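Here is the structure we will look at, set down as structure tokens.
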Amino acid sequence: MSESTTPSTTVLLRRGEVHSPADPFATAMVVERGQVAWVGSEGAADAFADGVDEVIDLDGALVTPAFTDAHVHTTSTGLALTGLDLSGAPTREAALALVRDFAAARPDDRVLLGHGWDAARWPDGLPLTRAELDEATGRRPLYLSRIDVHSAVVSTALLDLVPHDAGRGDGPLTADAHHAVRAAALGAVAPTQRTEAQRAALAHAASLGIGTVHECAGPEISSEDDLTGLLRLAAEERGPRVIGYWAEQDVDKARELGAVGAAGDLFVDGSLGSHTACLNQPYADAGHTGTAFLDAAAVAAHVVACTEAGLQAGFHAIGDAAVTAVVDGARAASDKLGLARIRAARHRVEHAEMLTPETVAAFAELGLTASVQPAFDALWGGEDGMYAQRLGTGRARSLNPFAALLRAGVPLAFGSDSPVTPLDPWGTVRAAAFHRTAEHRVSVRAAFTAHTRGGWRAVGRDDAGVLVPGAPADYAVWRTGELLVQAPDDRVARWSTDPRSGTPGLPDLTPGRDLPVCLRTVVGGRTVFVRPGE
């Protein structure tokens with residue numbers, strides 16, 4: 001496969017499998033002026049062969065719409081790719097050894113950055129202490145975010161960079177203290193290092209068949225310069241599309257920064273792992289109900305302001321009390337502006353892990369998009385997982401009810417929340433199809449749609465994320481095994497694999513099977529990734 005494809009090139013792809021509802025038997029596709037021009041059979045493709053600039057022989061490969069990751073922190077993802085990764089540390093001692101080695105290898109960094117520690121998975125269950133980090137780094141500034149990015153441990157030298165007291169205790173920092181140290185750490189990153197991190201994250205996304213990312217930025221997460229720099233980089237360089245969100249209640253600021261919504265991680269609460277998600281009943285392993293940052297009245301005011309400004313509103317809400325606050329606020333906004341206007345705005349809720357039948361029904365009524373991360377269940381679900389530790393097995397089994405959301409007609413958009421969980425689109429589809437709680441599983445086809453077309457619908461585009469004539473030519477080419485469409489559980493009626501059914505095939509994602517390998521990613525007709533040797 002060549003690398004010459006540009007938006008002005010007319011390209012014929014043939015001798016493969018094209019996943020398109022326009023033709024379930026399609027083996028060929030024509031792309032022209034950045035759009036899909038035609039999909040059809042190999043025999044019909046001969047009519048186009050002499051009138052195109054380039055012919056790509058797929059040699060049996062699968063062509064699908066490119067994935068959209070609906071929740072990404074791009075700079076943090078890049079810094080995690082190029083920085084210290086503690087996600088594989090099996091013990092606290094192993095994590096400290098990695099910190100020492102990293103500090104020794106990066107003598108010129110103004111601040112040392114790491115991510116991914118999880119004390120809940122270590123034998124002693126204890127986080128790293130400030131004294132240990134001071135010794136391991138030679139008293140240099142160090143910021144280590146927990147795997148959920150809602151708390152961090154830091155060195156004394158980093159605390160000294162915070163303009164006000166962020167707390168001098170020895171435990172992990174959460175809430176406002178965490179936001180303060182994160183801002184200090186990211187503020188110490190040189191602009192060139194930040195740009196290189198963004199470039200690394202986008203290149204990695206492209207290599208995984210991701211054509212679009214939704215950047216969830218905000219004043220408590222990154223910075224204005226970070227968002228505008230990322231949007232500028234994406235516009236100027238070849239790579240995935242970046243759609244920006246700015247998590248602040250200042251609607252004018254979001255518009256000024258080029259964001260499509262004052263949304264994303266506008267925190268209503270925190271996270272379960274850090275005991276800051278806001279619950280109706282106390283944590284099973286802590287005597288409190290978490291932290292509330294916004295109440296229903298604040299949610300309502302923000303939804304009204306965004307709706308009137310023609311922007312999306314969106315909220316980070318994980319605990320059941322936080323999700324209820326969002327629903328109550330959105331319903332109050334609909335009482336003021338009318339339900340039709342609220343539904344048309346397609347406001348979003350990020351994560352939405354602890355849902356009840358009542359809040360699921362409210363999402364459907366209010367037209368709220370559930371921007372969710374199936375990999376959370378793969379990582380933290382199950383009877384022995386973090387969810388069960390924090391909530392008890394009964395409440396833990398209710399989390400991430402994807403099937404109930406689909407049955408109710410709630411729009412789903414899948415993402416990773418990278419670097420919380422890695423960019424891994426096919427792994428995300430597998431996690432939804434093989435949810436640890438069987439009644440929450442969805443078909444591979446439904447999960448794939450949520451990770452492709454669902455991301456486009458979440459930003460108000462119904463004409464993209466699918467390979468039909470007139471759609472944007474955002475696609476990926478895959479080396480894969482057997483194609484079929486299946487339900488993951490015998491209790492669910494299986495999709496027919498009979499070719500006469502008109503159902504385009506998808507890879508078999510049964511756990512234990514290899515995931516598809518991306519050979520090429522194209523965004524708007526422009527090739528942004530080609531696997532070496534292809």
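Everything numeric here is computed off the predicted structure, so don't read it as measured data.
Side chains of S151 and H178: a donor-acceptor N/O pair is absent below 3.5 angstrom, by distance only. With hydrogens and angles left out, the side-chain atoms of T74 and E215 include a donor and acceptor closer than 3.5 Å. Side-chain contact, H275 with D285: a donor N or O sits under 3.5 Å from an acceptor N or O. Side-chain contact check for D85 and S87: at least one donor-acceptor pair (N or O, by modelled atom type) lies under 3.5 Å. Between H71 and H214, the side chains place no donor N or O within less than 3.5 Å of an acceptor N or O (distance only, hydrogens not considered). Donor-acceptor pairing under 3.5 Å is lacking for the side chains of E383 and T393.
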Walk me through whether T291 and T276 qualify under side-chain hydrogen bond (donor to acceptor under 3.5 Å, both in side chains).
CA-CA 5 Å; T291 305; T276 51; 5.5 Å; no
Distance-only check: which donor-acceptor pairs under 3.5 Å involve side-chain atoms of residues 362-371, not counting sequence neighbours?
from	atom 1	to	atom 2	distance (Å)
E365	OE1	R331	NH2	3.0
S371	OG	R348	NH2	3.3
S371	OG	E350	OE1	2.6

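Residues forming a side-chain contact (heavy atoms from CB on, under 4.5 Å) with P422 (at least two apart in sequence, or on another chain): none. Judged as a side chain to side chain donor-acceptor pair (under 3.5 Å), and not counting sequence neighbours, the contacts of R100 are E135.
Between W380 and Y387, the two ring planes are perpendicular [angle over 60°; tilted spans 30° to 60°]. Taking the six-membered ring where the residue is Trp, F293 and H179 present tilted rings, their angle falling between 30° and 60°.
Salt-bridge annotation for R92 and E132: present, with a side-chain N of the basic residue lying under 4.0 Å from a carboxylate O of the acidic one.
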